[in-house]
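Side-chain atoms are counted along with the backbone in the values below, which use heavy atoms only and exclude waters and symmetry mates.
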There are 2 protein chains.
Amino acid sequence: MDKSQPENLKNVGLKSTLPRLKILGLFESGQERHMSAEDVYKQLLSTGDDVGLATVYRVLTQFQQAGLLVRHNFEGGKSVFELNQGKHHDHIVCLQCGHVEEFYDSAIESRQKKVAAELGFEVHDHSLQIYADCTKAKCPNKR
Amino acid sequence: MDKSQPENLKNVGLKSTLPRLKILGLFESGQERHMSAEDVYKQLLSTGDDVGLATVYRVLTQFQQAGLLVRHNFEGGKSVFELNQGKHHDHIVCLQCGHVEEFYDSAIESRQKKVAAELGFEVHDHSLQIYADCTKAKCPNKR
DNA sequence: AATGCAAATGAGAACGATTATCATTCACCT
DNA sequence: AGGTGAATGATAATCGTTCTCATTTGCATT
Ligand SMILES: [Mn+2]
Ligand SMILES: [Mn+2]
Ligand SMILES: [Zn+2]
Ligand SMILES: [Zn+2]
């Protein structure tokens, strides 16, 4: 019971087609948590599961609208997607190796609501990324 | 003494040309604090100060590298620039009217350093935008 | 299992933002 | 004023993404 269930798709109003199952399966495989359209496209190509690039873009957007995926706009121009696990979190991105770490800090979260309220805004959502240097062994950390 | 000082440019290693003075002057005029390349281009056109779009892009990047401007990547694809006033701040963007409000919260700032440190990162910088609905009179706030 | 049809796909064109090219013009130092 | 290397601007090129549309597919119905 660890394969992409077509029910997942039917439940959100999307007919379960081969391209959609492959793309969802790739995210569920857990190999790579945060992937761009290009990442997904190349990954599928590499395993012989050819899916058109246009379809990848379309499906990723549909999955996001259906709540299956979450889209992030990190620096670098391209959108990145990840499985929606229900719980919100923010990201730390290593400027050297691109490694992404996730975190959640309730103090930061509540402070944002407070600040917004004081300025007369009703928060919809937010985007927080910390850009830093990580200490991973393979990281070509220069400083 | 409220006009763009050519010294500003010389001091950061940029020769003071007409296009550069016009662009810097526009930001210093205080009319609009956050502007995209397109915003700057159109603003200059509207006052007869024609500057090529390529030059606008080039100069904005140069000003950012020189520390005169700060670049932000809000949602919507295009980069937005603002005068660098030395002090860091984050933004609340209204999803309806695009109105941008600035804020600084030391609790949020310090919490970020702490979170990063615990994960073994040395913070370089960060990007925080709150997307919300504002209460401005002219805002076509739908909800 | 064959049929029908709306929905999905994929190749390629189109698009918007940004960057690269390169011939012409300009800022600034003799 | 003249010389030179940097800056400009028109345009082509690039990148990520969306659009178009002819073809294929999922799936409900015979
Ligand atoms: Mn994540
Ligand atoms: Mn600002
Ligand atoms: Zn958060
Ligand atoms: Zn901040």
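- Taking for each of A/Y41 and B/T61 the nucleotide of DNA chain C with the nearest heavy atom, the 5'-most of the two is the partner of A/Y41.
- Residue B/T55 places its side chain closer to D/dT8 than to any other of D/dA6, D/dT8, C/dT9.
- Whole-Å rounding puts the A/E75 CD to C/dT18 C1' distance at 16 Å.
- For A/K10, the listed nucleotide lying nearest its side chain is D/dC27; candidates were D/dG26, D/dC27, C/dA17.
- Where A/R58 and A/A37 each meet DNA chain D at their nearest nucleotide, the meeting point lying more 5' is that of A/A37.
- Judged purely by distance below 3.5 Å, without hydrogens or angles, the side chains of B/Q85 and B/R33 pair a donor atom with an acceptor atom.
- Considering only side-chain atoms of B/K15, the nucleotide from C/dG10, C/dT19, D/dG5 that sits closest is D/dG5.
- Straight-line distance from the OH atom of B/Y57 to the C1' atom of D/dT14: 13 Å, rounded to whole Å.
- Among the heavy atoms of the strands lying under 4.0 Å from A/S79 are primed sugar atoms or P, OP1, OP2 only; no base atom is included.
- Atom pair B/I23:CD1 and D/dG9:C1' shows a separation of 12 Å (rounding to whole Å applied).
- Taking only side-chain atoms of B/A54, from C-beta outward, the nucleotide of C/dT9, C/dC28, C/dA20 with the closest atom is C/dA20.
- Ring pair A/H89/A/H91 is perpendicular by interplanar angle, where above 60° counts as perpendicular and below 30° as parallel.
- At whole-Å resolution of the value, CG in B/L18 and C1' in D/dA6 are 16 Å apart.
- Summarising the geometry, atom CG belonging to B/D105 is positioned 4.0 Å from atom CZ belonging to A/R111; distances are rounded to the nearest 0.5 Å.
- When the P atom of D/dT18 is taken as reference, atom CG of A/L60 falls 10 Å away, rounded to whole Å.
- Checking C/dT9, C/dC28, D/dC27 against the side-chain heavy atoms of A/S16 singles out D/dC27 as nearest.
- When the nucleotides C/dA8, C/dT19, D/dT8 are ranked by their closest atom to the side chain of A/R20, C/dA8 comes out on top.
- Atom-to-atom, CG of A/L53 to P of D/dT18 comes out at 10 Å; the value is rounded to the nearest Å.
- Taking atom CG on A/D39 and atom P on D/dT17, their separation rounds to 10 Å, with Å as the unit.
- A donor-acceptor pair under 3.5 Å is absent between the side-chain atoms of A/D90 and the main chain of A/Q129, judged by distance alone.
- For B/H99 and B/H34, the ring centers are positioned 6.0 Å apart or more.
- Residue A/T17 is classed as a sugar-phosphate contact, given heavy-atom separations below 4.0 Å to backbone atoms only.
- Checking C/dT18, C/dT9, D/dT18 against the side-chain heavy atoms of A/V59 singles out C/dT9 as nearest.
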